[in-house]
A.B. asks: 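Pasting a structure below so you can have a look.
In this chain, numbering begins with 1 at the start of the sequence shown.
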Amino acid sequence: QVQLVESGGGLVQAGGSLRLSCAASGRSDRDDNRYAMGWFRQVPGQSRDLVAAISWSGGSINIPDSVKGRVAISRDNAKNTVDLRMNSLIPEDTAVYYCAADELGYLGGESARWDYWGQGTQVTVSS
């Protein structure tokens, strides 16, 4: 099992930036212990939406058009961490942000296909 712990959420002013970090521990069911990682966000009553995803090697990245240009994702496999950076924040970015991992390397937005999830971290953008 892979455990994911997010950090870095909080209150941010509109126009500002933030960095979220996710630390992974444990082992996946794959012999090579490799997995894609991603960030999703969810507002109460709404779906959990992909913000960014990155392959094990970092060579493939998926960022939806809705946040493209404001988001960057990176990972450090030596430290088992993945970071999300967002800038030009708007109140609509307010959500709980979740870290996720997928053993098959899936980078898409279907949350049910991701294998592991963190507990989430609240991000609130004030206007």
Side-chain angles (χ1 to χ4, degrees):
Q1 294 290 310
V2 175
Q3 293 80 43
L4 304 171
V5 178
E6 303 95 339
S7 62
L11 179 64
V12 185
Q13 285 194 330
S17 61
L18 65 79
R19 186 184 86 169
L20 302 179
S21 293
C22 174
S25 61
R27 286 191 62 86
S28 75
D29 290 334
R30 290 176 56 118
D31 289 341
D32 59 13
N33 197 34
R34 295 184 173 188
Y35 39 85
M37 296 189 78
W39 286 93
F40 284 73
R41 66 185 181 184
Q42 187 171 27
V43 175
Q46 298 186 21
S47 61
R48 190 169 293 191
D49 298 328
L50 178 70
V51 179
I54 186 168
S55 64
W56 171 260
S57 69
S60 294
I61 289 174
N62 181 23
I63 298 176
D65 289 342
S66 58
V67 294
K68 193 168 289 184
R70 300 194 299 121
V71 166
I73 187 170
S74 61
R75 66 187 296 167
D76 184 335
N77 290 335
K79 297 181 180 179
N80 293 326
T81 59
V82 61
D83 286 355
L84 179 74
R85 288 176 169 84
M86 294 186 68
N87 55 42
S88 302
L89 289 165
I90 57 178
E92 289 73 20
D93 292 320
T94 296
V96 177
Y97 284 70
Y98 295 92
C99 179
D102 183 76
E103 295 177 349
L104 295 181
Y106 177 63
L107 299 181
E110 295 182 41
S111 60
R113 292 183 59 177
W114 289 76
D115 297 315
Y116 304 103
W117 293 90
Q119 292 299 308
T121 185
Q122 176 70 46
V123 172
T124 302
V125 182
S126 64
S127 58

A.B. asks: A side-chain contact here means heavy atoms from C-beta on lying under 4.5 Å apart; do Met37 and Leu4 qualify?
C.D. replies: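 Result yes, sub-4.5 Å side-chain heavy-atom pair found.
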A.B. asks: Please answer whether the main-chain N or O of Asn80 pairs with a side-chain N or O of Asn77 as donor and acceptor at a distance below 3.5 Å.
C.D. replies: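 Not confirmed, Asn77 side chain does not pair with Asn80 backbone.
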A.B. asks: With a 4.5 Å cut-off on side-chain heavy atoms, are Leu20 and Arg41 touching?
C.D. replies: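 In short, these two side chains do not touch, never coming nearer than 4.5 Å.
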A.B. asks: Just to verify, what does Val96 make a side chain to side chain contact (heavy atoms under 4.5 Å, CB included) with, not counting sequence neighbours?
C.D. replies: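 Checked Val96 against side chain to side chain contact (heavy atoms under 4.5 Å, CB included); matches are Tyr98, Gln122.
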A.B. asks: Which heavy atom of Ile73 sits nearest to which heavy atom of Ile61, and what is that distance?
C.D. replies: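 What the structure gives for the nearest pair is CG2-CG2, 3.7 Å.
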A.B. asks: For Arg30, check salt bridge (charged side-chain N to carboxylate O under 4.0 Å, His left out) against everything at least two apart and list the hits.
C.D. replies: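 Arg30 satisfies salt bridge (charged side-chain N to carboxylate O under 4.0 Å, His left out) with Asp32 only.
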A.B. asks: Shortest non-hydrogen contact from Ile63 to Val51?
C.D. replies: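 Of all heavy-atom pairs spanning Ile63 and Val51, the closest is CG2-O, 3.8 Å.
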A.B. asks: Restricting to salt bridge (charged side-chain N to carboxylate O under 4.0 Å, His left out), what partner residues turn up for Lys68, sequence neighbours left out?
C.D. replies: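 Salt bridge (charged side-chain N to carboxylate O under 4.0 Å, His left out) check on Lys68 returns Asp65.
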A.B. asks: Using the side-chain contact (heavy atoms from CB on, under 4.5 Å) definition, which of the options Thr94, Asp93, Val12 pairs with Thr124?
C.D. replies: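 Between Thr124 and the candidates, side-chain contact (heavy atoms from CB on, under 4.5 Å) is satisfied uniquely by Thr94.
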A.B. asks: Is there a side-chain contact between Arg19 and Ser21, using heavy atoms and a 4.5 Å cut-off?
C.D. replies: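 Yes, close enough: below the 4.5 Å cut-off.
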A.B. asks: Would you name the heavy atoms of Tyr116 and Ser28 that are closest together and state the gap between them?
C.D. replies: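 The answer is OH-CA, 4.1 Å.
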A.B. asks: For a quick test of reading the model, state the closest non-hydrogen atom pair linking Val2 to Ala24 and the distance between them.
C.D. replies: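 Minimum heavy-atom contact is CG1-CB, 4.3 Å.
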A.B. asks: Just verifying a value: how many Å separate Leu18 CG and Thr121 OG1, rounded to the nearest 0.5 Å?
C.D. replies: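 Interatomic distance, Leu18 CG to Thr121 OG1, rounded to 0.5 Å: 9.5 Å.
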A.B. asks: Between Cys99 and Trp39, is any pair of side-chain heavy atoms under 4.5 Å apart?
C.D. replies: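 In contact.
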A.B. asks: To the closest 0.5 Å, what do you measure between CD (Glu6) and SG (Cys22)?
C.D. replies: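 SG of Cys22 is found 5.5 Å from CD of Glu6.
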A.B. asks: Measure the spacing between CD of Glu103 and CH2 of Trp56 and express it to the nearest 0.5 Å.
C.D. replies: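 Nearest 0.5 Å value for the CD-CH2 distance: 11.5 Å.
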A.B. asks: Would you say Arg75's side chain and Lys79's backbone share a donor-acceptor pair under 3.5 angstrom?
C.D. replies: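 No; judged by distance alone, with no hydrogens or angles, the pair does not exist.
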A.B. asks: If Ile, Leu, Val, Met, Phe, Trp and Tyr residues are connected whenever their side-chain heavy atoms lie under 4.5 Å apart, and connections chain through other members, are Trp117 and Tyr35 in the same group?
C.D. replies: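 Each belongs to a different hydrophobic cluster.
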A.B. asks: Is there side-chain contact between Tyr97 and Met86, with at least one heavy-atom pair below 4.5 Å?
C.D. replies: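 When only atoms from C-beta onward are counted, Met86 and Tyr97 do touch, with a gap below 4.5 Å.
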A.B. asks: Could you go step by step and tell me if Val125 and Ile90 meet the side chain to side chain contact (heavy atoms under 4.5 Å, CB included) rule?
C.D. replies: CA-CA 6 Å; Val125 182; Ile90 57 178; 5.6 Å; no
A.B. asks: Measure the shortest side-chain to side-chain distance between Leu50 and Phe40 over non-hydrogen atoms and say whether it is less than 4.5 angstrom.
C.D. replies: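 Yes, their side chains come closer than 4.5 Å.
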A.B. asks: Which atom names give the shortest non-hydrogen contact between Pro91 and Ser127, and what distance separates them?
C.D. replies: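 Here Pro91 and Ser127 meet closest at CG-CB, 3.8 Å.
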